[in-house]
2 protein chains.
Amino acid sequence: MRSIGALGKATNTKVETIRYYERIGLLAPPQRTDGNYRTYDDEALARLSFIRRSRDLGFSLDQVRALLSLTDQGTQDCKTVDRIARDHMAEIERKIADLIALRHELSTMIESCCGGSISDCRIIEALSPFD
Amino acid sequence: MRSIGALGKATNTKVETIRYYERIGLLAPPQRTDGNYRTYDDEALARLSFIRRSRDLGFSLDQVRALLSLTDQGTQDCKTVDRIARDHMAEIERKIADLIALRHELSTMIESCCGGSISDCRIIEALSPFD
DNA sequence: CTTGACCCTGTAGTTGCTACAGGGAGCATA
DNA sequence: TATGCTCCCTGTAGCAACTACAGGGTCAAG
């Protein structure tokens, strides 16, 4: 059993974030000490680690919730898990493509700029309408 | 002169968003009709177009605010504009790199999965701690 | 004269936290 | 025993950048 601070350190999570996860129902309310302190067992540690790892991989809290409930059910619904992961992957691909397009536009804009000395700024011009 | 709805259509912006921009001081409060409707002139249209184009390029509202004030000043501070644009560019590069790393991790995870039929799910396993 | 599309203000919701404020618990030291 | 100090508690408000109401007013067409 460990305190919320210890759990936070173990999972690289801020204390407030842990309480937030509890509040939104992602983590079950843990046991309390006589002094009303939360105490967490290994299962809670595993669950929070799972959440954090999923978050690091960019899953939304809703997606994490879905993944957790699938593992909780133990129904081994691999198809659903796979779909969530693939959907997420597709979204990341989209974001990458968007950002690359953006980078291209931006770099064109920046390159057309004077570089800091000439008086009519092509960046502002590029952003302005009717040019 | 045009109504807020017309301005919204012309700039592909929701009416609520235009009012929001006004509330946070990005757009000046426009003139009103007798019936208290906002009316916008061409300058407002140009300004909102500038804002939207900047937003589309991923600039934050704070960055947009800075760009706008630079153009308002007319001081032709090209150096500052260039810096804002380059900073933004660097941030986008970072995001792209992050997402590509993420994609790699995710694809490794997904490929190791059964594909929807075998009962022990490697995705869940990959997300779980102590594996 | 009524219907419908538009507009108004003001407030609350979204995502995923983060940051207080104002207090209590628990342990070490003087 | 008193005093610090660190940790913990609850509850609320803030961030970005909108979006979505609720509950009303305005205006033109039929």
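Proteins come first, then strands; the chains are lettered A, B, ... in the order of their sequence lines, and each starts at number 1.
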Worksheet item: Going through the checks in order, is the salt bridge (charged side-chain N to carboxylate O under 4.0 Å, His left out) test met by B:Asp41 and B:Arg47?
Response: CA-CA 10 Å; B:Asp41 55 18; B:Arg47 195 175 174 90; over 6 Å; no

Fill in: Taking every non-hydrogen atom, the tightest pair across A:Glu22 and A:Tyr40
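Reported closest heavy-atom pair: OE1-OH, 3.9 Å.
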
Starting from [atom2] on [N], measure out to [atom1] on [X] and report it in whole angstrom.
X       : N      : atom1 : atom2 : answer
B:Arg32 : D:dG25 : CZ    : P     : 16 Å
B:Arg38 : D:dT26 : CZ    : P     : 15 Å
B:Asp34 : C:dC7  : CG    : P     : 17 Å
B:Gln31 : C:dC7  : CD    : C1'   : 17 Å
B:Ile51 : D:dA16 : CD1   : C1'   : 16 Å
B:His88 : D:dA16 : NE2   : P     : 16 Å
B:Asn36 : C:dG10 : CG    : P     : 11 Å

Discussion item. Applying a 4.0 Å non-hydrogen cut-off, can you work out what A:Ser60 is touching in the nucleic acid: base, sugar-phosphate, or nothing?
Written reply: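 Touches sugar-phosphate only.
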
Discussion item. On DNA chain D, does the nearest nucleotide to B:Arg55 precede the nearest nucleotide to A:Tyr37 from the 5' side, or the other way round? Give the residue.
Written reply: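 In this pair, the answer is A:Tyr37.
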
Discussion item. Test of understanding: clusters of I, L, V, M, F, W, Y form through side-chain heavy atoms closer than 4.5 Å, transitively. Do B:Ile18 and B:Leu61 belong to the same one?
Written reply: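 Cluster IDs for B:Ile18 and B:Leu61 match.
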
Item to complete: Test salt bridge (charged side-chain N to carboxylate O under 4.0 Å, His left out) on A:Arg65 and A:Asp62 and set out the steps.
Response: CA-CA 5 Å; A:Arg65 209 187 295 272; A:Asp62 261 9; 3.8 Å; yes

Practice prompt. Using a strict 4.0 Å threshold on nitrogen-to-oxygen distance, state whether B:Asp82 and B:Arg86 make a salt bridge.
Written response: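 Between B:Arg86 and B:Asp82 there is a salt bridge, with a charged N closer than 4.0 Å to a carboxylate O.
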
Worksheet entry | More than 12 heavy atoms of other groups within 6.0 Å of A:Asn12 CG |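 Check fails, neighbour count at 12 or below.
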
Worksheet entry | Contact list for DNA chain D against residues 1-28 of chain B - heavy-atom distance below 4.0 Å |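 Close to the strand are B:Lys14, B:Glu16, B:Thr17, B:Tyr20, B:Tyr21.
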
